[in-house]
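For clarity, every value in this text was computed on a predicted model and none was experimentally measured. Along the sequence shown, residues are numbered consecutively beginning with 1.
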Amino acid sequence: MAPVPVTNELPRYEMPEAQNVLPSYEMQDSSAPPDFAAVATSPLDTLTSQTRNINIGSIDPHSPKPSRNQVLAHLEFLHAVHQLRLSISAHDGLFNLNDSDIRDAKAAGHTEDLRKLLSEKRWAVYVARAVERFTVWWNVLHGRIGTQGAKMADFEVPGRMERWVERGVVEGVIKTRDDLPPLDVLMVWHSFQLNPHAYLEDCVLKGMMHLWHNGMPWSAIDSCTDVTTGYFNPGDHARQSWEASTGLSWVNTLDPADIEIACRNCRLNGTSNMLRVPWTTFDVRKARLDRGVLEVPGGNGYADSEFEIICPTCQKKTTHAKLRATKFTMDVRERYFGDGRLLAGSVLDIDGQLVSARGGDTNKTPFLYCNFMMKEVIRMRCKGAPLWHTIEDVRSDIEATIADEGARKNASTSLRVEGQAPLHRTERIMIHRMLSRYWDNSSPFALDLVGAVIRQNGFIEKMERIDWLHSPSATSTADALIIKYTRFMQMMADNMMQMMVPTLDIDLGWHTHQLSPPRYYAFSTNLKCNPPSHASMSDWTKNFRPGFIDHDDKIEESKLSDAFIKTTELYQKEFKEPYSLCTCWYCESVRASGSSLISNAKAAVALKKTSIFRRKSTTPAPTDDPNAAAAEAITASIEKQLYNPSKPVTNNPNNGPHISAHNSVRPIISDRNRTLVEWRLADQAKAVEKARKHAGKKGRTSLAPSALPKDVTKTDPLLKAYPYADAPFMADHTVHSALYPTGPLHADYRFKGPGNCAAGTCGGQVASGSCGAHSSHSACANGAAAGCGAAAGNIVENGFRTGAIMSPIVGMGGGGGMGG
């Protein structure tokens, strides 16, 4: 699928004068959200009419928040994607992946496991093909509506970049069903937009701001999607338009079984030698048992983990790792020897916003630092045109350059006092952000879109299980989650240094909002910090805005769970309502954890009564504390709401609106981290037992031993530690890294792992989410990558040995708030 050529000279993007700019967002929803279990006031005759008549076109264009209709249309789209995944995964023989080959595999007794692997591999190949089709569609659109990408001169004009994201009158790119691409392409676009920083950055760099302003065309999608079956059919005109403009079939599976790519060595030397590569050579018959562990085979195709091909012309090998280095090399050459476009990861400021250079002087603007730093790398380390064979080579050259005092001064974008670190903190973060665009990513975009789609699978699966779409109370559910979502966003602004984790209902609202990028950008950047208990905070902090809040889709699973406990506590203290409307064992253990309101309040009383913590004073120690009593009252009220017989709340961990953990990743851990994991799990087991005993005292059986998840020690020999198979915070154990070019749900936290991308910058602490800008919420400064490297590892997951994989942490942290 060769890229569609575009003209060399493109118009400069200029945002029209905004006629109706969104007003500053102020929190308005103080009332409690409607009851999720409430029945719609006017039940609709059929499920089809419920979504087909939501009238997407009637949405107020000036409303800062997502609407009920958008939420319902989003659920309808997710239902269609889910049905597509089921169809592809179960298609025996697709991509030459045959169930009949299982009987020849040397893994007796694992027939069902191998069948699941084949199903997952079919979907993995399908998604890889969908990403390539999306790339072709993107290039076609660029030829129609593309403009020049941002260059350094654009940042020198005061106010220019800010106007690019203002909500004004912009002609829609995709208006009707006739403009729609196939469902698989929409699926990739959907996942791309759910990474707001990366999506905005690419639209700015590649001149696609008209597409950014378009957002998801909900009205068009709703008009051609069957709500019951999920069947998506925009009609003959859309099909003909797609096939004529892209040269591809409307149906993904009817495209060729191979892909054409350029030899990386020939491309670097200025020639164009194209190679035909199969999408997959995966062979389930090669699966075998090794000491009771099922070894998952790789493959040499383009969608496989061990892809490689030798060029018949230059006799050089092309692999995924070499393609990533080639992408970086070509981008650097384009920046300094081509049209001067900016480097990836160096467009948005530390808060993720698109702003012009400070005072119009790009030399004093830290977020543009990498554009100056790489010039010094070329001067010091490259003889002739830049050429790197691996991203590790890039890291080494950056380390050598920033260790040189003269090079640091030449590239510096800020003044530092004597004794400070060699690099300004923002400059260090920008290096991480830039490199994160290339670790485990050879695509032309800011992130690996295959991984982005796979990480959405878990969320879509949960939406399908809960099935709000087909519920008679769908409209009241949508209204309720929008209120909870706006509360959640304000909580993030008010608790700047705390990672916040949404529940599934909140996350649905968050996702829906992000799919209207200009609306979400304006909403996020206009949030104000209003901490209720910090009257002594400086005026600067009180007026602080969190910036463009990113939606990080790769967070280490135990950190996600820890942050969910804190988020639950903050929400229940603020709104006197349950945060997760679910009484499964996990949500109950969260409410019973040591970080609960009562425990904290009682601990404060205990400290005041202990002489070692008391100030020298003649005032007697308090015998009680009103905070503890208030906490007791809140907890009692929450229990009453959760266990109201007239309004039952689910205790099924598979369909309750509890923690949204589809973005959690499993770490490849060191022995020291293994111990920390064991400690966390021991604490959690105690919390579960505490919740079980409390339930028994109240006469409830929802947490009886038979209702608790089973021990999975025998099926997870890597950690031997996750004792609860269905823990919502766990990384999706159905995803196997060996089936993908990049492990979508794994991250490497070991020394010299991906967090340590360049000595002299943030180092491995970024990978752990502890770099922390003022608005990073314990992450790495609003979208800076929390680690940019990759390390080959031989790991075991879920009873399967996955072989050598490259495991990134791309985009950890970001702009306030996590999850979803």
Side-chain angles (χ1 to χ4, degrees), residues 77-103 105 107 110-134 182-188 190-191 225-226 228-232 249-255 257 278-287 294 296-299 301-305 448-467 654 662 731-745 797-800 802:
F77 173 76
L78 297 181
H79 178 56
V81 172
H82 177 75
Q83 295 302 315
L84 173 67
R85 182 186 176 193
L86 291 180
S87 174
I88 296 300
S89 300
H91 190 160
D92 187 15
L94 185 63
F95 310 128
N96 201 31
L97 299 171
N98 304 298
D99 287 346
S100 60
D101 291 336
I102 294 176
R103 62 174 176 264
H110 287 264
T111 300
E112 188 58 31
D113 292 333
L114 294 176
R115 197 181 307 279
K116 291 178 181 178
L117 284 176
L118 278 177
S119 296
E120 183 184 354
K121 184 60 181 180
R122 291 183 192 116
W123 181 244
V125 175
Y126 184 88
V127 170
R129 291 162 62 96
V131 168
E132 185 64 22
R133 287 158 58 85
F134 171 80
L183 181 59
D184 63 314
V185 174
L186 282 173
M187 173 184 69
V188 177
H190 166 269
S191 296
T225 306
D226 188 287
T228 304
T229 65
Y231 181 62
F232 175 80
S249 171
W250 177 262
V251 180
N252 178 312
T253 56
L254 295 182
D255 279 338
W279 277 103
T280 183
T281 62
F282 179 85
D283 189 348
V284 73
R285 291 171 295 185
K286 295 181 179 179
L294 182 62
V296 180
Y302 191 70
D304 295 332
S305 59
D448 171 38
L449 291 178
V450 173
V453 172
I454 297 301
R455 286 188 292 277
Q456 287 301 316
N457 287 346
F459 181 79
I460 295 174
E461 180 70 25
K462 288 181 174 65
M463 291 297 101
E464 195 70 13
R465 288 180 180 179
I466 296 174
D467 200 17
N654 290 322
H662 70 92
D732 187 348
H733 59 276
T734 66
V735 176
H736 300 89
S737 299
L739 303 182
Y740 305 86
T742 296
L745 296 181
E797 52 177 347
N798 315 309
F800 298 85
T802 60

*Asks:* Closest heavy-atom contact between Pro741 and Ala303?
*Replies:*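 That closest heavy-atom pairing would be CD-O, 3.6 Å.
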*Asks:* Any side-chain heavy atom of Glu112 sitting closer than 4.5 Å to one from Ile102?
*Replies:*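 Not touching, per the 4.5 Å side-chain cut-off.
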*Asks:* Tell me, do Leu84 and Trp123 make a side-chain contact under 4.5 Å, heavy atoms counted?
*Replies:*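 They are in contact (side-chain heavy atoms under 4.5 Å apart), so the answer is yes.
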*Asks:* Does a side-chain heavy-atom distance below 4.5 Å link Ile454 with Asn457?
*Replies:*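 Answer yes - side chains close enough.
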*Asks:* Are the side chains of Phe134 and Asp184 in touch, meaning some heavy atoms are under 4.5 Å apart?
*Replies:*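 No, every pair of side-chain atoms sits at 4.5 Å or beyond.
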*Asks:* Is it true that Lys121 and Asp304 make a salt bridge, defined as a side-chain N closer than 4.0 Å to a carboxylate O?
*Replies:*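 Salt bridge present between Lys121 and Asp304.
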*Asks:* In terms of ring plane angle, is the pair Phe232 and Trp250 parallel, tilted or perpendicular, where the classes change at 30° and 60°?
*Replies:*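 Geometry flag for Trp250 against Phe232: parallel rings.
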*Asks:* Step by step, work out the salt bridge (charged side-chain N to carboxylate O under 4.0 Å, His left out) result for Glu461 and Arg465.
*Replies:* CA-CA 6 Å; Glu461 180 70 25; Arg465 288 180 180 179; 3.6 Å; yes
*Asks:* Any side-chain heavy-atom pair from Thr742 and Val450 closer than 4.5 angstrom?
*Replies:*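 In short, these two side chains do not touch, never coming nearer than 4.5 Å.
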*Asks:* Check whether any side-chain heavy atom of Thr253 lies under 4.5 Å from a side-chain heavy atom of Ile88, and answer yes or no.
*Replies:*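 When only atoms from C-beta onward are counted, Ile88 and Thr253 do touch, with a gap below 4.5 Å.
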*Asks:* Are Arg122 and Phe282 packed together at the side-chain level, in the sense that at least one heavy-atom pair is separated by less than 4.5 angstrom?
*Replies:*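 No; the side chains remain at least 4.5 Å from each other.
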*Asks:* Looking at every non-hydrogen atom in both residues, tell me the closest pair between Thr229 and Gln83 and how far apart they are.
*Replies:*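 Looking at all heavy atoms of both residues, the closest pair is O-CG, 3.3 Å.
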*Asks:* Provide the closest heavy-atom pair for Gly93 versus Asn98 in the form atom of the first, atom of the second, distance.
*Replies:*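 That closest heavy-atom pairing would be CA-OD1, 3.1 Å.
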*Asks:* Applying side-chain contact (heavy atoms from CB on, under 4.5 Å) between His190 and each of Val81, Leu78, Val453, report the one that passes.
*Replies:*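 Considering Val81, Leu78, Val453, a side-chain contact (heavy atoms from CB on, under 4.5 Å) with His190 is found only for Leu78.
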*Asks:* Taking atom types as modelled, find out whether Asp255 and Ser249 have a side-chain donor-acceptor pair closer than 3.5 angstrom.
*Replies:*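 The answer is no; no qualifying pair exists.
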*Asks:* Applying salt bridge (charged side-chain N to carboxylate O under 4.0 Å, His left out) to Asp448 and Arg455, what does each step give before you reach the verdict?
*Replies:* CA-CA 11 Å; Asp448 171 38; Arg455 286 188 292 277; 5.7 Å; no
